[in-house]
Amino acid sequence: MKIEQIYTGCLAQGAYYIESNGEVAIIDPLRETQQYVDKAEKEHAKIKYIFETHFHADFVSGHIDLAKKTGADIVFGPNAETKYKAYIAKDNETFKLGTITIKVLHTPGHTLESSTFLLIDENGKDHAIFSGDTLFLGDVGRPDLAIKSDLTKEDLAGMLFDSLCNKIMPLSDDVIVYPAHGAGSACGKNLSKETVGVLGEQKKTNYALRANMTREEFIKEVLTGIAPPPQYFAKNAMMNKSGYDNFETILKKGDTPLSPEAFEALANSHDALVLDVRREQDFVKGHIPNSIFIGIHGGFAPWVGALITDLKQPILLVTPEGKAQETVTRLSRVGYDNTLGYLEGGIESWIAAGKDTETIDSIPVDEFSKRYNSENIEVLDVRKDGEYNSEHLEGDNVKHFALDYINQNMNNIDKNKTYYLHCAGGYRSVIAASILKARGFNNLIDIAGGFGAIKNSDLPTTDFVCPSTL
């Protein structure tokens, strides 16, 4: 028996490759599926099953493409309804994989069809659970993502409590826990940085598995502090439920080099968004007018999903050398399948062609400190709610303007005013500046180094409050 976790840091997502006696099961595969086919061929094995723990909201799964390539059966738990061929398993139904068995434990709560897959070894012993978004290390899945359901989040939280009590808690302490996500995912509140654990440790440390917790206590705790889901979650879940275009076709279209002239013509004829994925330091020094910055070195896919509201938006890319294919792939993982191509030769070719560029003012914290202490300036802190509430720059002229909600809150600021922007380190403030600049806010100054630099300066900040106490 072989179990391999294939973890993707940008999405904080774990897919799983399970092999026994030449037969393979893939659990929650990523959009680009050739890696699983290649791995199975290398092992002289055949992919037999593709198990989906639920309709994922934070990424588009590769289950449909993988099934077409391999002939493997797609398996969901009870209550799943799809517009493509899939096997809908019953609760406690078992599937043979070589000498091992995989048992479906229906664990609704995160969503109605959510299921946990219990791996039983060749000796009949419960070995591991692939818990999807039902159970994370340190947390459980948020119960507010059901698609087209009349149930409330309180109803789903109650279902999740029952699932944990009746299906997960009775399992042995030595059962290994393989969750779908780790720290950084928006599918839970307080996920551990660890990506593999054991159930006994979770029973001791995970608040949601606390002994003697009442149903009412669980519902209150699991719902407290949940931020609204990013706008793309429901759209990705619907793609996973209804189907999507072939990934290789999308990659071929998007991985197309374009001259500056062709790039500009496509941008104009298709009303395309120019997405610049270089580092923020490079973007501020020079970029194509009206382009948006979201760097691939940061939390790229989740920020794209949170900020670009139309999954069908035509996109043109400005990338570092050799990063176009990776960028198209990472866009497709969250459902953005309409990339038209990339600027061949990067920003240097654009400049060489004599085309216009723009810059964003960026100043070091010592220069910002001088201006802050001598002028009446306006500051936008674009960090998340918890970061801001924990500690921020003091002053009546400091406004919390979270990047997550920039599209909704843009009308709350004045195009005629000058704003100084900062985040924690510089990545998100440049994203915010690029979006605002493209919308006609031209008086923007980025504070290099963000709040990290501000904290180490002479500028006044509020007393630190531990986020867990907020």
Side-chain angles (χ1 to χ4, degrees), residues 10 186 227-228 230-232 235 267 270-319 327 330-331 334-336 338-339 343 347 356-363 378-385 387-388 398-448 450-451:
C10 181
Q231 63 86 27
Y232 74 104
K235 299 170 185 177
H270 286 70
D271 195 23
L273 170 69
V274 177
L275 182 62
D276 193 319
V277 305
R278 297 172 297 150
R279 289 193 171 270
E280 59 266 28
Q281 300 94 326
D282 298 322
F283 184 86
V284 299
K285 292 175 184 175
H287 55 267
I288 295 174
N290 295 319
S291 59
I292 300 300
F293 163 77
I294 306 178
I296 57 169
H297 63 284
F300 176 69
W303 280 118
V304 167
L307 299 171
I308 302 176
T309 55
D310 182 6
L311 264 62
K312 299 184 183 300
Q313 169 69 52
I315 294 173
L316 289 165
L317 298 174
V318 180
T319 74
T327 306
R330 291 171 68 174
L331 284 168
V334 284
Y336 293 82
N338 199 14
T339 303
L343 180 61
I347 196 70
D356 291 340
T357 61
E358 293 183 350
T359 61
I360 291 175
D361 288 338
S362 183
I363 60 172
E378 300 257 1
V379 180
L380 299 181
D381 184 334
V382 305
R383 295 176 299 157
K384 291 182 178 288
D385 293 355
E387 295 172 281
Y388 177 84
V398 178
K399 181 191 291 284
H400 183 216
F401 192 72
L403 175 60
D404 308 58
Y405 311 115
I406 191 169
N407 291 316
Q408 299 95 305
N409 295 335
M410 213 172 294
N411 291 334
N412 297 332
I413 57 176
D414 188 345
K415 289 184 178 179
N416 296 314
K417 288 185 176 181
T418 297
Y419 293 102
Y420 291 74
L421 283 72
H422 80 83
C423 59
Y427 178 80
R428 289 173 288 174
S429 60
V430 176
I431 296 176
S434 72
I435 293 171
L436 292 173
K437 200 169 191 296
R439 302 285 182 88
F441 292 81
N442 294 311
N443 305 312
L444 304 169
I445 301 168
D446 177 64
I447 305 167
F451 191 69

So Tyr427 and Phe293, ring pair (Phe, Tyr, Trp, His ring centres under 6.0 Å) or not? Walk me through it.
-> CA-CA 9 Å; Tyr427 178 80; Phe293 163 77; 5.7 Å; yes
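- The nearest pair of heavy atoms linking Ile294 to Trp303 is CG2-CB, 4.0 Å.
- Minimum heavy-atom separation, Gly298 to Cys10: O-SG, 4.5 Å.
- Taking 4.5 Å as the limit, every side-chain heavy atom of Leu436 sits out of range of all side-chain heavy atoms of Tyr419.
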Test log, rule side-chain contact (heavy atoms from CB on, under 4.5 Å), inputs Leu421 and Phe401 | CA-CA 9 Å; Leu421 283 72; Phe401 192 72; over 6 Å; no
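- A distance of 9.5 Å separates CD1 of Ile406 from CD1 of Ile431, quoted to the nearest 0.5 Å.
- Here the OG1 atom belonging to Thr418 is positioned 9.5 Å from the CG atom belonging to Asp361, to the nearest 0.5 angstrom.
- For Thr327 against Phe300, the heavy-atom pair with the smallest separation is CG2-CZ, 3.9 Å.
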Intermediate values then yes/no, side-chain contact (heavy atoms from CB on, under 4.5 Å), Ile445 and Ile363 | CA-CA 7 Å; Ile445 301 168; Ile363 60 172; 3.8 Å; yes
Does the pair Lys312 and Asp310 meet the rule for a salt bridge (Lys or Arg N to Asp or Glu O under 4.0 Å), with working shown?
-> CA-CA 5 Å; Lys312 299 184 183 300; Asp310 182 6; over 6 Å; no
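- Between Cys423 and Ser429, the shortest heavy-atom contact is SG-N, 3.3 Å.
- Under the 3.5 Å distance criterion, the side-chain polar atoms of Arg428 are left unmatched by any main-chain donor or acceptor of Arg383.
- Between Asp385 and Ala402, the shortest heavy-atom contact is OD1-CB, 4.1 Å.
- Residues forming a salt bridge (Lys or Arg N to Asp or Glu O under 4.0 Å) with Lys417 (at least two apart in sequence, or on another chain): Glu378.
- In this structure, the separation between CG on Leu403 and OH on Tyr405 is 10.5 Å, given to the nearest 0.5 Å.
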Kindly determine whether Tyr336 and Val304 satisfy side-chain contact (heavy atoms from CB on, under 4.5 Å), including the steps that lead there.
-> CA-CA 9 Å; Tyr336 293 82; Val304 167; 3.7 Å; yes
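- Atom OG in Ser291 sits 11.5 Å away from atom CG in Leu317 (nearest 0.5 Å).
- Between Ile435 and Met410, the closest heavy-atom pair is CG2-CE, 3.9 Å.
- Rounding to the nearest 0.5 Å gives a distance of 12.0 Å between OH of Tyr420 and CG of Leu380.
- In this structure, the side chain of Lys415 engages the main chain of Arg439 through a donor-acceptor pair within 3.5 Å.
- Between Lys384 and Asp404, at least one side-chain nitrogen of the basic residue sits less than 4.0 Å from a carboxylate oxygen of the acidic one, meeting the salt-bridge criterion.
- Side-chain N/O atoms of Asp446 and Ser362 include a donor and acceptor closer than 3.5 Å.
- Side-chain contact between Asn290 and Val274: absent, with no pair of heavy atoms (C-beta onward) separated by less than 4.5 Å.
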Could you list the donor-acceptor pairs under 3.5 angstrom formed between side-chain atoms of residues 275-288 and any protein atom two or more places apart in sequence or on another chain?
residue : atom : partner : partner atom : Å
Asp276  : OD1  : Arg278  : N            : 3.1
Asp276  : OD1  : Arg278  : NE           : 3.0
Asp276  : OD2  : Arg278  : NE           : 3.2
Asp276  : OD2  : Arg278  : NH2          : 2.8
Arg278  : NH2  : Gly286  : O            : 2.8
Glu280  : OE1  : His297  : NE2          : 2.8
His287  : ND1  : Phe283  : O            : 2.8
His287  : ND1  : Glu358  : O            : 3.2

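- Note that the CD1 atom of Ile292 and the NZ atom of Lys437 stand 10.5 Å from one another [nearest 0.5 Å].
- Listed for the Asn407 side chain is a donor-acceptor partner under 3.5 Å among the backbone atoms of Leu307.
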Report the C-alpha separation of Ile413 and Lys399 in whole Å, then their side-chain angles, then the decisive distance to 0.1 Å, and conclude whether the side-chain contact (heavy atoms from CB on, under 4.5 Å) test is met.
-> CA-CA 10 Å; Ile413 57 176; Lys399 181 191 291 284; 4.2 Å; yes
